[in-house]
Amino acid sequence: MKKMKGIPMIKTYRKTTTIQAEQFDGSVRMIRKYSIGVPRGAYVEEWPMNTLMTLEGPMELNIGDWIVTGVKGEHWAIADDVFKASYVEVSE
């Protein structure tokens with residue numbers, strides 16, 4: 001990283017790959033597909049029912065959030081407003 005008088009300069013980056021995304025609708029199909037629920041061995045009272053396990057740990061998932069699948073098959077959740085501000089659909 002380039003430095004100016006000992007201070008690192010901030011650079012701008014953009015994502016270079018595409019992702020797959022599906023908007024969570026609360027359906028049994030999606031709950032099964034993404035193994036959404038209380039993590040195995042956890043106390044139900046301590047976890048939201050709509051928990052998505054990610055590489056960074058469990059994330060609460062709300063209806064309308066997006067489930068994103070990365071290049072290595074990993075999943076994470078993104079709130080609808082953040083998703084729409086960050087991503088555009090790619091024509092195939």
- Between T51 and P58, what is the shortest heavy-atom contact and its length? CG2-CB, 3.5 Å

- Message: Show every salt bridge (Lys or Arg N to Asp or Glu O under 4.0 Å) that has at least one partner inside residues 73-82, sequence neighbours left out.
- Response: D80-K84

- Message: Among I78, D65, T54, I67, which residue satisfies the side chain to side chain contact (heavy atoms under 4.5 Å, CB included) criterion with M59?
- Response: T54

- Heavy atoms of A77 and L61 approach each other most closely as CB-CD1, 3.6 Å

- For R32, check salt bridge (charged side-chain N to carboxylate O under 4.0 Å, His left out) against everything at least two apart and list the hits. none

- Item | Results of side-chain hydrogen bond (donor to acceptor under 3.5 Å, both in side chains) for K15 - residues two or more places apart only | Y87

- Between the CG atom in L55 and the NZ atom in K72, the distance rounded to the nearest 0.5 Å is 9.0 Å

- Message: Rounded to the nearest 0.5 Å, what separates atom CZ in F24 from atom CG in N50?
- Response: 4.5 Å

- Contacts of type ring pair (Phe, Tyr, Trp, His ring centres under 6.0 Å), residue Y34, not counting sequence neighbours: H75

- If a pair satisfies salt bridge (Lys or Arg N to Asp or Glu O under 4.0 Å) and one of its residues is in residues 17-28, list it, with sequence neighbours excluded. E22-R29, E22-K33

- Verdict with supporting geometry, V82 and W66, side chain to side chain contact (heavy atoms under 4.5 Å, CB included): CA-CA 9 Å; V82 174; W66 291 81; over 6 Å; no

- Message: Restricting to ring pair (Phe, Tyr, Trp, His ring centres under 6.0 Å), what partner residues turn up for W76, sequence neighbours left out?
- Response: none

- Task: Look only at the side chain of Q23 and the backbone of G64, and say whether a donor-acceptor pair between them is shorter than 3.5 Å.
- Result: yes

